[in-house]
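Just so it is clear, the values below take in all heavy atoms, side chains as well, and ignore hydrogens, waters and symmetry mates. Proteins come first, then strands; the chains are lettered A, B, ... in the order of their sequence lines, and each starts at number 1.
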Amino acid sequence: MSRYEPSVIEPKWRAVWDEAGVFEAKANPSRPKYYVLEMFPYPSGRIHMGHVRNYTMGDVVARTKAAQGHAVLHPMGWDAFGMPAENAAMERGGHPKDWTYSNIADMRDQMKPLGLSIDWSREFATCDPEYSGQQQAMFIDMMAAGLVYRKAAVVNWDPVDMTVLANEQVIDGRGWRSNALVERRELTQWFFKISDYSAELLSALDGLTHWPEKVRLMQANWIGQSRGLQFAFGTVGAPEGFDRLEVYTTRPDTLMGASFAAISPDHPLAKHLERHDPAVAAFVAECRQVGTSAEALETAEKKGMDTGITVRHPFDDTWELPVYIANFILMDYGTGAIFGCPAHDDRDFEFATKYGLPINAVFTSDGTDAALTEAYVPMKSERVQYIRGFAGDAEQTGEAAVAAAIAFCEERGIGRGVTNYRLRDWGVSRQRYWGCPIPVVHCAACGVVAEKKDNLPIRLPDDVTFDVPGNPLDRHPTWRMTSCPQCGGDARRETDTMDTFVDSSWYYARFTAPRAETPTDAAEVDYWMTVDQYIGGVEHAILHLLYSRFFARAMHKTGHLPAKAIEPFNALFTQGMVTHEIYQTRDAAGRPVYHLPEDVTTFTLADRRVTVLGNVPPPDPDMVPDIDAWLQGLDDEGGLVEVIPSAKMSKSKKNVVDPMNIIAAFGADTARWFVMSDSPPERDVEWTASGAEATFKHLSRVWALSVRIAEMPESHQGTDDDALARAAARAVAEVTHGIDSFAFNKAIAKLYEFTNTLSRANGSTPVMRATMRTLAQLMQPMTPHLAEEVWQAQGGTGLVTQAAWPIPDPALLVDDTVTLPIQINGKRRAEISVPRDMPAAEVEKLALANEDVVRFLAGQPIKKLIVVPGRIINVVA
RNA sequence: GCGGACAUGGCGGAACCGGUAGACGCAACGGACUUAAAAUCCGUUUCCCGUAAGGGAGUGAGGGUUCGAGUCCCUCUGUCCGCACCA
C-alpha cells in the first residue's frame, strides 16, 4: 500500500486492540495506578467536536501514562437521566427510555471509530436500574446519617419544565435548561445538607493545587464566606413572642450610624403581621411578585413599609429605630433581618433617602463630617477616620474596625462573632419522570419512611404518558401505591425524582467497580480513587464539581468511600471549545440568514479575505480593475458573505462540523491531531477546513516517509546518524514534557519539527528506521492508528500502543558547542560559537576580539562586561 | 457594583528562572514539475528605509526597576469570563 488510507488502516488496528483487550483496566499492585476521566456525555444522540476534543485529550493522557508503565483506568459512561428525553417523548411520542438507550447506542457507534483507549467493559448509564438502585441505597444511608432532610421552602419553580430548580440552576433568573423566568413557590422538598460542609468545602480548596485557580476562585465566591456580628435588638411595640429581633451584619463598626432596621417579607415577624394587618398583607404580596431576574432586580425600586414597631439601639436604650419590611432583604441569608446604616451602604442610602431617614457618617476619609450625597463605601483595607466609632482607634482600616467591634460587643454580651455562608442546601426534588426515584414512602401512621434496601432498586414504571404537562408519576394509577416498610400498612410512594446532578456526583466512584452489588467496592475504590486527572468544560466549575466534592464527603461519612477520596478529583483540566466561523448574509428586512460552510467560497483578493455565496471561482484580478466597486456590486446583489469568527458551534447558526463527516473524509487520526494542535487546550480552537486538510496532508507525509524508509536498502550508510540520535532524544524530551504539562499544541509543534528533520536526514538504514519508530511512539497518543502502521512497517515488536515510552539519553540532550549572542548596550550585535564548557574568562576574550564587536565599540572604553554562561554576553560601553 | 483572566506578525500561537522575540502550523507570495490545473517538492514571509551590504523600529498605551523586560512593579485602555439586592 503506498497511499495513506485511514479508512483501511483505522478499523484494522481497532480490531487488533479489541482482540488483545489492551485497554482493559487491571489493578496491578506492582505498578503505579492512573485514573483518567473525562466528564461523561449526555446521550443526545450525536457526538460533536467538543466531545472529540475532550475525549482525545483524556486519551492522550491515558495512552501516555499507560506507555509510561501505569495501570490505567479510562472508562466511559452516560449521564442518561434528564429533561430532553421527556421533551422528546412529549414532542415525538415514544418513551424516554427507548429514546435514551437508542441514543446511547448511536453515540457509542460514533465514538468507537475515534480509537479511544477506553475500557468499554465498565460502561454504564445512570438510568440503568443497577446504577440508580445503588444511588437509592446511598440516599437511604445519607438519610440515616442526617445528610438528607425534607422541608418546606420557597423554591425556584420553572413554569415550563414544571419542576423545581436548585439555586445553581437559575441563571439570571431563568431556568438553566428551559430559559423560562423562574417563579417563587413554597413546596416541601428534599435537600442535601451541603451547608454542613461550607467551611470544609471552602478551606479544602487550598489543597486542590492541580485545579485551575479560576475554578477554585469561582467555588470560593459561590460558597461565599463572610465574618460578622449577630446580635438581637430589643423591640418596642412588637407582638408577643417577638420581643427580640436577631440581625446579622458584616459591618458592626457602623452600628453608630444605624438609622433603621428592616426585615424580609418572608421573615416570621412579617408573616405574623401579614395575618393581622391587611395593609402588610398587601405589601408583602407585592414584594413576592417581583421577579428574581437580574433586570428585574436592577430596576426594582427599594420599597419598604414601616411596621410601627421600633427597636432599641444596643448601645443606648433611649435610641429607638423604626422597623421596616423591605423588599430587598433576603430571608435565607443571615437572619433575614438587618440594621440599616445609610451612610455606608448603597442600598441603605437609597432606602433612607426615599423614606426620609437620618444619614449619619460613622467614618470619613479625612475626619470631617460633611453631608453625604452618596454612600461612602471604602475598601476594607483602606484606612479611614472614625468620627462615631466606639471600638479601637479613630484612624484604622475597616477590617480592623470590624474585628474590634465584634470583640467589643462580645465583651459586653451584645452579640457574637458569626461566620456566614452564601451556600445553601442542595434541593434535589424534581417533579419529573425521567430521573432516579427518591426511595421514600409516605405512611399515614409512620410518616416519611425510607424504603427497605431489599426493595431496591425502585424502578420507574414503563407505562406512562407525556401528553399533558406535569409529573407522570403523579398521574400513574398504581405506581404510587405501596406498603409501608415499617408497619406494612398502605402507603404512598414519593413521586419526586432526584436532580440529575446527583447521578453525576458519584459516577467516577462507580467506574472503579461498575458491577458491584453495593454502591462501591472497598478494595476497588481504595486502589483506583482518587481520579488522577479529570477533564471537562469550565461550565461545570460550580455545579457539578461542587456537588461532587460534597457527595464524596457524604459517601465517606456513610462508608462508601475511603477518607483519601473525599476530594474526588486530584487534578482538573478545563478545556476550551471547538469553534467555527459563521457565514451570514441579510434578508430584505435586515434579519441574518446563515449559510453552511459548503455553500460559501473564500478567496483572497488584493490582500483581502473575501467570502461569497455559492461555488464561485475567484475573479481574475486583471478583469476586476476596481476591486472596491466589484465588492460593492457583489454586496448589493447579496452575494458577499459576512464572516463571524470563532463562534460556538450551533445548529441554528449552521456552523456545526460533524465529526463523522471528518472521520469519513480524513480519518479519526486527522480529527484527533487537529483538535490537539494549534491552540493551547484550555483555550478555544477554531475548526477550519484548510486546517483539517493540512493535518491530513501532514499525516500523509508521515505515511510516505515511513514507506520510503521501509524501502531503503539495508546496506545504506548515511552521514547524519549522530544528528538523528540527538534530534530523537530532544524530540522525546520535549514531546514528553509537552504532554505531561498539558501543552499538547507544543508537543505537536515539536513533532512537526522532528518529522521535518527526519525527512531531510541522510542516515543509515537502521538508524532511520529506529528514528521512525521513535516518531511512531511519540505520535501514538495523538494518532494511534497511523502510529501502529508505522511501527509495524519499521519492524517494531508487538503493538506501539503497548510499547514502553522512550526515555532520552541525557548525554544526547546537551550540545558540545553553544552559540552565544553578544549584546552591546543591550542590543544584539554579533554572535560567537564556543565549546559549552569554555571558562568565562576565555569567552570574554573571544567576544571582545570579535570583529563586529570591535566595529560597534569603535574604541569606546568598556564599563562593564556580563557573561551569562551558555546564554548571552552583554558589553556595556 | 464585586471578583478574576487576558492583550505578541495577515491568522492560531511559541519564547522554561528576566538573556538571540515571532518556534510550529495556517494563509499569502515566488520558483520547479505540468500543454494547463490540481497534487507534490523547493524557497520567501514582523514592519519601515535600502538594488544590496546594512540600518532603524517593534510584544495594547504611558512610566519604572535592571547590564538586559513579551516576562517583574505602578498607572491607564480594551476584550473576555464568573457572581450579583448576600447586609
Calculate the interatomic distance between [X] atom [atom1] and [N] atom [atom2]; express it in whole Å.
X        : N     : atom1 : atom2 : answer
A:Glu213 : B:G3  : CD    : C1'   : 12 Å
A:Trp687 : B:C26 : CH2   : P     : 14 Å
A:Phe744 : B:C24 : CZ    : C1'   : 17 Å
A:Phe674 : B:C26 : CZ    : C1'   : 9 Å
A:Ile873 : B:G68 : CD1   : P     : 17 Å
A:Asn874 : B:U66 : CG    : P     : 15 Å
A:Lys746 : B:C24 : NZ    : C1'   : 12 Å
A:Glu682 : B:C80 : CD    : P     : 19 Å

If only side-chain N and O atoms of [X] are considered, is one of them under 4.0 Å from the OP1 or OP2 phosphate oxygen of [N]?
X        : N     : result
A:Asn756 : B:G25 : yes
A:Tyr248 : B:A87 : no
A:Lys214 : B:G3  : no
A:Arg829 : B:G56 : yes
A:Arg347 : B:A87 : no

**Study point:** Heavy-atom side-chain contact between A:Glu581 and A:Asn655 under 4.5 Å
**Key:** no
**Study point:** Nearest non-hydrogen partners of A:Asp669 and A:Leu786, listed with the distance
**Key:** OD2-N, 2.8 Å
Review point. Under the criterion side chain to side chain contact (heavy atoms under 4.5 Å, CB included), which of A:Thr602, A:Thr601, A:Val600, A:Ile582 is the partner of A:Val641?
Key: A:Val600
Quick one: label [X] by what it contacts on the DNA or RNA (base, sugar-phosphate, nothing), any heavy atom closer than 4.0 Å.
X        : result
A:Arg871 : sugar-phosphate
A:Asn745 : sugar-phosphate
A:Lys827 : sugar-phosphate
A:Gln823 : base
A:Val876 : sugar-phosphate
A:Phe754 : nothing
A:Ser690 : sugar-phosphate
A:Pro645 : nothing

As a test of reading the structure: which of [options] is closest to the side chain of [X], going by heavy atoms?
X        : options             : value
A:Thr249 : B:A87, B:C85, B:G55 : B:A87
A:Ser679 : B:G13, B:C83, B:A87 : B:G13
A:Met218 : B:G25, B:G82, B:A21 : B:G82
A:Glu753 : B:A21, B:A23, B:C86 : B:A23
A:Thr819 : B:U20, B:A87, B:U40 : B:U20

Exercise for review: Report the distance from atom CD of A:Gln230 to atom CD of A:Glu246, rounding to the nearest 0.5 Å.
Suggested key: 5.0 Å
Point to revise | Under-4.0 Å salt bridge between A:Glu286 and A:Lys303 | key: yes
Exercise for review: May I ask you to decide whether A:Asp852 forms a salt bridge with A:Arg829, counting only side-chain N to carboxylate O separations under 4.0 Å?
Suggested key: no
In whole Å, what separates the [atom1] atom of [N] from that of [M]?
N     : M     : atom1 : value
B:A14 : B:U79 : C1'   : 22 Å
B:G58 : B:G70 : P     : 10 Å
B:G60 : B:A53 : C1'   : 35 Å
B:U45 : B:G10 : C1'   : 11 Å
B:C26 : B:G18 : C1'   : 31 Å
B:A28 : B:C17 : P     : 37 Å
B:C74 : B:G25 : C1'   : 38 Å
B:A7  : B:C73 : P     : 14 Å

Mind checking who [N] pairs with, Watson-Crick or G-U wobble, both distances under 3.5 Å?
N     : result
B:G1  : B:C83
B:C6  : B:G78
B:C47 : B:G56
B:A37 : none
B:C16 : none

Review point. Hey, what's the ring geometry for A:His344 with A:Phe363, parallel, tilted or perpendicular (30° and 60° as the breaks)?
Key: parallel
Review point. Start at the 5' end of RNA chain B and walk down; is the nucleotide closest to A:Ser226 or to A:Lys864 reached first?
Key: A:Lys864
Exercise for review: Identify, between A:Leu330 and A:Asn221, the residue whose nearest nucleotide on RNA chain B lies closer to the 5' end.
Suggested key: A:Asn221
Point to revise | Where the chi angle of B:G68 falls, syn if within 90° of 0 and anti if not | key: anti
Check your understanding: Using the purine O4'-C1'-N9-C4 or pyrimidine O4'-C1'-N1-C2 torsion, is B:C73 syn (within 90° of 0) or anti?
Key -> anti
Point to revise | Six-ring centre of A:Trp703, A:Arg3 cation under 6.0 angstrom, axis tolerance 45° | key: no
Practice item. Identify whether NZ of Lys or CZ of Arg in A:Lys302 sits under 6.0 Å from the centre of the six-membered ring of A:Phe328 and within 45° of that ring's axis. Key: yes
Check your understanding: Does A:Lys863 get its side chain close enough to the base of B:C67, under 3.5 Å, for a donor-acceptor pair?
Key -> no
